[in-house]
Each structure stands twice: as C-alpha cells, then as structure tokens.
Amino acid sequence: MQPSEIQTIKARFGIIGNSPLLNQAIEVATQVAPTDLSVLISGESGSGKESFSKIIHTLSAKKHGQFIAINCGAIPEGTIDSELFGHEKGSFTGATEARKGYFEVTDGGTIFLDEVAEMPLGTQARLLRVLETGEFIRVGSSKTQKTNVRVIAATNVNLLEAINKKEFREDLFYRLNSVPLYVPPLRERGKDIELIFRKFTTDFAEKYRIKPIALTEEAKELLLDYPFPGNIRQLKNISEQISILESKNGIVVDETTLAKYLPQNQKITSTSLSKLNMFSHEENSMNEREILYKVLFEMKRDMSDLKKLVLQMINSNGDYDSNILKTNPSLFKNIDVEVVNENNFEPTQRTNLTNEVKLLPIETKVHKPEENILDISHETEEVSLSLERQEKDMITKALKKNKNKRKYAAADLGISERTLYRKIKQYDIEEV
C-alpha cells in the first residue's frame with residue numbers, strides 16, 4: 001500500500017501519527033475491508049480500536065448498511081441475549097412486546113462488538129452460530145432467522161489466557177480471529193504523542209477562544225517519556241486541562257508545569273503494566289461504594305473476633321485463644337485492659353494487648369458471668385444482615401425513583417448495570 005494512500009485514509013478518518021505500527025494497522029484494515037472476513041481488533045483501552053472498525057465498515061461492500069457499535073461489558077448479563085438477538089412477547093418478565101435485536105436490525109450492515117471478552121459463555125455460543133451459519137433465534141422463540149452481518153470484535157484482554165481460564169470459548173476465538181488487527185498503545189507510537197497533543201491543544205484553543213499553548217523542548221521530552229496508561233483518552237484530558245488552566249499564565253508550558261498534569265510521572269515497567277492490566281480488566285472494578293462496603297465488612301469481622309475473645313475470656317476465667325491475637329494483632333491496638341488480682345479483685349496494673357498480654361491467672365470484675373454477660377454470638381450475623389438490608393433498600397429506592405430503568409438506577413447508585421442486575425437477583429428484588 002502506497003504511503004499516499006495511507007495518508008488519505010488518515011485524513012478521512014481523523015487519524016494522526018506516522019508510527020510504523022499505526023501504518024501497519026491501517027494497511028491491514030484497508031486490505032481486509034472488501035472481504036467478509038471477521039476481524040478481531042486487539043489493543044489497550046483508549047487506543048482507538050473503534051476508529052479501525054469504522055475504517056473497515058466504510059471501505060467494505062456493506063458501507064451502505066447500518067453500523068452499530070456495542071459495548072458488551074455495559075449490557076447486563078441477563079439482557080444481552082435479548083439486545084443482540086431480540087425476544088418474543090412474554091418470553092420473560094417485562095417483555096410486553098416483541099423486539100428486534102441488533103443482528104436483525106443491522107442485516108446487511110456491520111456490528112462492532114467492543115469488549116467481546118465480557119460476553120457471557122451462553123451468548124458466546126449464540127454468536128458462534130451466527131458467525132458460522134448466519135442464523136439466530138430470538139429469545140423465547142423457536143423460529144430460526146437469517147442475517148447477513150459483518151462482525152468486527154475488539155478486546156483489551158488476552159483472549160488466550162481467558163480461554164485457559166474457561167472464560168472464553170476457544171472455537172469462538174478462532175472464528176473471530178480470521179484476521180487479527182493490533183492497535184498499538186500510545187507509548188509505542190513515539191513522536192505521534194507530540195503530534196496528537198498539538199492537535200488537541202489547537203482544537204481546544206479554538207473551542208474556548210484562547211491562544212494555543214506550546215511546549216518547551218524539555219517538556220516535549222517529558223511528554224514523550226510518559227507511558228499514558230489511558231492512551232489517547234488520557235492525553236486528550238491532559239491537553240484540555242492544560243489548555244484551560246495554563247492559558248492565563250502564558251502560551252509556553254515548561255517541564256515543571258507539565259509534570260503537574262502527569263500523574264505518577266514515571267516510565268512504564270513490566271510490573272506496572274501487569275498491575276494496569278489487572279485493574280483495567282477486572283470485572284466491575286471497585287468503585288467508592290464497593291470500597292465502603294468492603295471496609296464495613298472488615299470492621300464487622302474485626303469486631304466479631306474481638307467479641308469472641310472477650311466472651312471466651314469471661315466464660316473461662318481469663319483463658320483465651322492466642323491465635324486470635326497472632327492472626328490479627330491490630331484489633332487490639334491502643335486498647336488498655338485493666339488487670340485485677342484474683343484474690344481481692346483490686347486493680348494492680350494496666351497493659352496494652354498489642355505489646356504484651358498478661359491475663360493469666362486473672363479474673364475480671366464480673367463475679368457472676370451468668371448474671372451479667374449478654375449473648376453476643378448472634379451479633380455477627382445481625383451486622384451482616386443489617387448491611388445487606390441497607391444495600392437492598394438503597395437499590396429498591398433507586399429503582400423506584402427511576403421507574404425501574406436500571407441504567408439510571410445504576411448511575412444513581414454509582415455501580416455498573418451488570419452489578420445492579422446481579423444485586424437484584426441476589427436480593428430477589430421485585431421491580432414495581
């Protein structure tokens with residue numbers, strides 16, 4: 001493919017850069033576009049995979065058909081079959097009328113399945129049949145329908161590892177991977193970073209009617225050295241921040257100023273890459289609400305251990321299970337225990353359990369445990385149930401507020417639709 005042809009494609013689809021890996025990806029996309037082969041686009045999140053799916057569709061024989069981009073990870077597991085293949089009236093609760101799925105709507109066009117690794121195994125089997133025979137069946141129907149759809153899939157995870165973990169079908173992988181296309185991350189594109197940054201800052205200067213900023217040579221080196229784990233999305237956000245916040249200080253940005261906008265300013269390593277991969281591909285990555293629940297459950301467990309120890313000591317005249325202290329000594333940090341003489345029960349010393357435990361032979365001031373000790377063995381379960389009730393109530397209120405529209409309820413709760421769907425099933429919540 002001639003360099004001039006590649007430049008024409010870049011100009012047509014707004015792609016900036018001249019790195020060899022980028023040019024190779026464009027060449028593969030243009031060569032496979034006229035065929036009907038399935039294409040699997042791999043690359044990190046934010047690297048621009050959807051742009052290449054549009055190149056393939058626009059240059060294909062199906063360019064006059066419809067193009068639909070679907071994020072498989074954003075559709076709840078219980079409804080993804082209905083979304084893709086449609087359903088019949090009454091096929092499940094809430095199916096008040098028949099509905100066409102994306103494969104039926106885009107007949108003669110192209111479907112782009114982004115984050116295809118998030119697709120449930122059952123849906124993967126249905127997709128495999130579409131790819132092999134062009135046939136599908138609506139949910140709740142027994143009638144086979146035909147479709148002529150070009151499927152382009154994309155993923156930011158290692159599908160071979162997912163296959164080994166039984167999370168992705170091997171036969172579907174080979175069917176999708178008829179033509180592999182790799183989109184390089186920003187850090188592998190060299191000088192392209194500077195070109196894209198300049199384009200973004202120029203666009204933002206025009207949008208906000210300010211002067212476009214420029215970088216010193218040292219700042220350019222720092223920009224090129226940064227790993228950009230968020231790829232083009234991250235670079236765009238940084239460009240917008242600098243354009244707005246630094247325009248009042250002048251149009252030239254030096255290395256020190258740029259460093260303030262580059263979080264964790266360091267070169268990428270294999271360790272950081274593995275951590276980035278783990279967090280970016282973890283299903284339903286932990287948000288603030290889930291972190292809060294985790295902290296609460298840890299507090300519940302700690303309190304349970306503490307109560308068990310105190311109850312054990314009281315019931316057995318000071319004997320206790322030392323393993324509780326060994327496994328979690330932080331439970332008793334800064335807790336002073338009053339030690340009394342076993343003969344006259346007068347205080348003789350105070351000790352900190354985190355430093356040294358001096359409880360044998362001792363007794364507490366409670367002489368008749370059976371009269372004063374409350375049964376606390378049930379409180380652990382009560383704490384857990386209390387948290388579950390609160391979570392269930394929050395979900396119920398969010399659904400009621402948004403008239404059972406899960407998308408908006410999930411947004412109010414700060415969780416994904418998939419997590420909300422799982423919670424609804426877990427707590428058997430009836431939508432009213």
Side-chain angles (χ1 to χ4, degrees), residues 1-31 41-55 154 156 180-207 210-247 250-270 272-273 276-277 280:
M1 190 172 183
Q2 297 297 322
S4 58
E5 295 177 299
I6 295 179
Q7 292 301 325
T8 301
I9 295 295
K10 290 178 183 177
R12 183 175 179 181
F13 293 95
I15 298 176
I16 301 171
N18 296 304
S19 71
L21 288 176
L22 177 67
N23 291 340
Q24 182 181 354
I26 293 174
E27 188 170 356
V28 172
T30 53
Q31 288 178 342
I41 305 175
S42 60
E44 295 180 7
S45 179
S47 58
K49 297 187 291 294
E50 186 170 345
S51 297
F52 285 86
S53 69
K54 292 178 179 178
I55 292 176
N156 59 4
L181 193 157
Y182 173 68
V183 180
L186 201 54
R187 62 180 171 276
E188 293 180 3
R189 292 175 56 179
K191 294 284 187 178
D192 287 358
I193 297 175
E194 183 183 344
L195 295 175
I196 299 172
F197 179 83
R198 190 185 310 162
K199 175 65 167 61
F200 283 152
T201 53
T202 301
D203 290 344
F204 289 131
E206 183 178 349
K207 177 180 179 180
I210 56 179
K211 293 182 178 180
I213 64 171
L215 299 178
T216 64
E217 291 301 320
E218 293 78 9
K220 290 178 182 178
E221 292 179 6
L222 177 61
L223 187 72
L224 296 177
D225 197 43
Y226 187 72
F228 287 102
N231 290 295
I232 296 175
R233 288 197 194 103
Q234 184 182 14
L235 179 59
K236 184 176 182 179
N237 290 339
I238 291 173
S239 303
E240 187 169 20
Q241 291 175 34
I242 295 178
S243 296
I244 296 173
L245 300 179
E246 299 299 329
S247 59
I251 62 173
V252 179
V253 174
D254 59 17
E255 180 182 13
T256 304
T257 302
L258 177 61
K260 295 188 301 182
Y261 296 90
L262 301 178
Q264 297 180 356
N265 183 25
Q266 58 184 9
K267 290 184 177 180
I268 199 156
T269 63
S270 57
S272 60
L273 265 177
L276 174 63
N277 186 62
S280 62

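Remark: Ile16 pairs with Leu195, Ile196, Lys199 by the side-chain contact (heavy atoms from CB on, under 4.5 Å) rule, at least two apart or across chains. Considering only residues two or more places apart in sequence or on other chains, Arg233 meets the side-chain contact (heavy atoms from CB on, under 4.5 Å) condition with Ser45. Scored by the ring-ring contact (aromatic ring centres under 6.0 Å, His included) test, Phe204 finds no partners at all (sequence neighbours excluded). With sequence neighbours excluded, no residue forms a salt bridge (Lys or Arg N to Asp or Glu O under 4.0 Å) with Glu221. For Ile232, the side-chain contact (heavy atoms from CB on, under 4.5 Å) partners two or more places apart in sequence, or in a different chain, are Leu186, Arg189, Phe200. The salt bridge (Lys or Arg N to Asp or Glu O under 4.0 Å) check on Glu206 picks up nothing, with sequence neighbours excluded.
Ser239 approaches Leu235 most closely through the heavy-atom pair OG-O, 2.7 Å. The two residues Gly190 and Leu224 come nearest to each other via the heavy atoms O-CD2, 3.5 Å. Nearest heavy-atom pair, Ala205 versus Lys211, reported as atom, atom and distance to 0.1 Å: CB-C, 3.9 Å. The shortest non-hydrogen separation linking Arg187 to Ile193 is CA-CD1, 4.4 Å. When all heavy atoms of Ala219 and Val253 are compared, the pair lying nearest together is CB-O, 3.6 Å. Thr216 approaches Glu255 most closely through the heavy-atom pair OG1-N, 3.9 Å.
Side-chain atoms of Tyr226 and Leu258, non-hydrogen and from C-beta on, never get closer than 4.5 Å to each other. Side-chain atoms of Gln7 and Asn18, non-hydrogen and from C-beta on, do get closer than 4.5 Å to each other. Put simply, the side chain of Glu188 does not reach to within 4.5 Å of the side chain of Glu44, judged on heavy atoms. Leu215 has its side chain within reach of Phe197: a pair of non-hydrogen atoms, C-beta onward, lies under 4.5 Å apart. With a 4.5 Å cut-off on side-chain heavy atoms, Thr257 and Asp254 count as touching.
Taken to the nearest 0.5 Å, the CD1 atom of Ile242 stands 8.0 Å off from the CG atom of Leu223. One finds the CD1 atom of Ile210 at 11.0 Å from the CD1 atom of Ile251 (value rounded to the nearest 0.5 Å). The line from OG of Ser19 to CD of Gln24 is 10.0 Å long, rounded to the nearest 0.5 Å. For the atom pair CZ of Phe228 and OG of Ser47, the computed distance is 14.5 Å after rounding to the nearest 0.5 Å. The distance from the CZ atom of Arg12 to the CD1 atom of Ile55 is 9.5 Å, given to the nearest 0.5 Å. Note that the CG atom of Leu245 and the NZ atom of Lys260 stand 8.5 Å from one another [nearest 0.5 Å].
Gln234 pairs in a side chain to side chain contact (heavy atoms under 4.5 Å, CB included) with only one of the listed residues (Asn231, Ile238, Asn237), which is Ile238.
With respect to the salt-bridge test (charged N to carboxylate O, under 4.0 angstrom), the residues Glu194 and Arg198 qualify.
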Tell me, with the steps shown, if Ile26 and Phe13 meet side-chain contact (heavy atoms from CB on, under 4.5 Å). CA-CA 11 Å; Ile26 293 174; Phe13 293 95; over 6 Å; no

